[in-house]
Amino acid sequence: MEQHASPPESTDPAPPAGPGGQVAPGSQVDPGSQVDPGSQVDPGNQVDPAEPSHGPRRVAVSGASGLIGSALTRSLSEDGHEVVRLVRRAPRAKDEVRWDPKEGYVDAAGLAGCDAVVNLAGAGIGDRRWNDAYKRELRDSRVLGTRTLAAAVAAMDEPPRVFLNGSAIGYYGDTGQRAVDETAPPGEGFLPSMCVAWEQAAAAAQEAGVRTVFTRTGLVVAREGGAWGRMFPLFKAGLGGRLGNGRQYWSFIALYDEVAALRHLLARDDLSGPFNLTAPEPVTNREVTATMGRVLHRPTVFTAPAPALRVALGEMAGDVLGSQRVLPTRLTESGFAFTHPGIEDAVRAALA
């Protein structure tokens, strides 16, 4: 899930968006709350060493102030890559380029010389209760932004090597207990239809012969934002618990692995199409709850009943209670190695 058309309003704590909505490529975070890489090796070091340049040297990023975007841009900058940030206001720094996705405008001159364009823009799925107007904003902020950047990339005399477009595992809808990978068709409902339109909006770049990658991201485990950014304070206060019956699958990914996977996909010229950015072993909400209590040494006796969630959240409750058992088949087959494949490891890494 910057990806928001405007900064999110301050609200009381609410249940986090569910598996399909994480995307989160797009949750906005406080600019001062940047990702702390701690003592871990930078994700850029996971890039295939067979790639001589270790990936692109000049990268344009939309949604650069969001949870994922800020972590990615920091990783790229620390490795010496030049990052161009797309902003909706007048540029204030040399590394900023103006764009207006609603008007279909981007300062194409600012994209000149970019080896890669990364689109992580989109309003936050869980930022507000869904109504017709906000659902339109969720869709337009993704589809119009993607269409704008894809058209700009396609029109360039020297286009970038790769157009990496954010997406989400919401593409698959509610999969129940059934495991799915990138070969599965889209599900039914608002989120799947939005994700399909989101990816289709990149057609201009694909038709121009630009390598195009779709990153279907799951629930990002990070204390700075997204679903876990809301969960950590609740669980630390001893107010955490399962949602509904807790049997629904959550397909998660550590923020560190998310950035490493993005770097991997940027660097590999032989990879295109959809990739699920989720840990290898999805876990149930019940398992997530137990893990959070164990790691934080807090009780997890509270439960949010499904009927109460439906009253409180409306249509979005289906996303919170839905089950998504999504596997990163293409990512692992490409040689990517997860640093935090398990839920407890991912939670501990987020708190480090």
Side-chain angles (χ1 to χ4, degrees), residues 1-4 8 16-17 19-31 33-37 40 42-44 46 55-56 59-79 81 83-87 116-127 138 141-142 145-146 149 162-171 195 198-199 213-230 251-266 274-279 326 328 331 336 338-340 346 349-350:
M1 156 292 240
E2 208 311 87
Q3 287 122 334
H4 293 277
Q22 156 61 27
V23 210
S27 296
Q28 191 168 20
V29 295
D30 186 335
S33 177
Q34 295 297 322
V35 178
D36 179 7
Q40 298 183 96
D42 188 279
Q46 283 207 18
V59 185
V61 182
S62 71
S65 62
L67 172 65
I68 298 170
S70 61
L72 175 63
T73 55
R74 171 172 288 201
S75 173
L76 289 168
S77 296
E78 289 179 346
D79 273 1
H81 299 272
V83 175
V84 176
R85 294 169 172 81
L86 300 181
V87 297
V117 173
V118 179
N119 179 29
L120 301 175
I125 293 290
D127 285 3
L138 291 172
S141 64
R142 289 163 171 79
T146 298
L149 289 178
V162 57
F163 179 49
L164 189 151
N165 200 63
S167 186
I169 61 171
Y171 178 95
C195 289
W198 192 1
E199 295 183 9
V213 178
F214 302 104
T215 54
R216 296 174 182 168
T217 296
L219 285 162
V220 178
V221 185
R223 67 177 182 272
E224 298 84 3
W228 256 268
R230 297 182 180 188
S251 295
F252 68 94
I253 185 169
L255 179 61
Y256 180 88
D257 284 329
E258 171 79 11
V259 173
L262 294 174
R263 296 285 303 272
H264 176 81
L265 294 169
L266 285 172
F275 287 83
N276 294 332
L277 270 57
T278 58
V326 180
L331 188 61
F336 180 78
F338 286 85
T339 299
H340 305 295

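As a basis for the values below, the full set of heavy atoms in this structure was taken, side chains included, without hydrogen atoms, waters or symmetry mates. Note that this is a predicted model, so its numbers are computed, not measured. Along the sequence shown, residues are numbered consecutively beginning with 1.
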How long is the gap from [atom1] on [X] to [atom2] on [Y], to the nearest 0.5 Å?
X	Y	atom1	atom2	answer
Leu149	Asn119	CG	CG	5.0 Å
Phe336	Leu265	CZ	CG	8.5 Å
Thr217	Ile253	OG1	CD1	6.5 Å
Phe275	Thr215	CZ	OG1	10.5 Å
Phe252	Trp228	CZ	CH2	7.0 Å

>> So, using side-chain contact (heavy atoms from CB on, under 4.5 Å) as the criterion, who are the partners of Ala254 when residues are at least two apart?
In response: Asp257, His340, Ala346
Grab the two heavy atoms, one from [X] and one from [Y], that are nearest each other, plus how far apart they are.
X	Y	value
Pro328	Ala279	CD-O, 3.7 Å
Phe163	Thr146	CZ-O, 4.2 Å
Leu72	Val259	N-CG2, 4.0 Å
Ala168	Cys195	O-SG, 3.9 Å

> Would Leu67 and Val220 satisfy side-chain contact (heavy atoms from CB on, under 4.5 Å), going step by step from the backbone distance to the final call?
Replying inline: CA-CA 9 Å; Leu67 172 65; Val220 178; 4.1 Å; yes
Exam field: side chain [X] to backbone [Y], donor-acceptor pair closer than 3.5 Å:
X	Y	result
Ser251	Thr278	no
Arg85	Thr73	no
Ser75	Ala71	no

>> Among residues at least two apart in sequence or on other chains, which ones pass side chain to side chain donor-acceptor pair (under 3.5 Å) with Asn276?
In response: Tyr172
>> Going by the rule side chain to side chain donor-acceptor pair (under 3.5 Å), which residues pair with Glu199 if we only count those two or more places apart in sequence or in a different chain?
In response: Ser167, Arg216
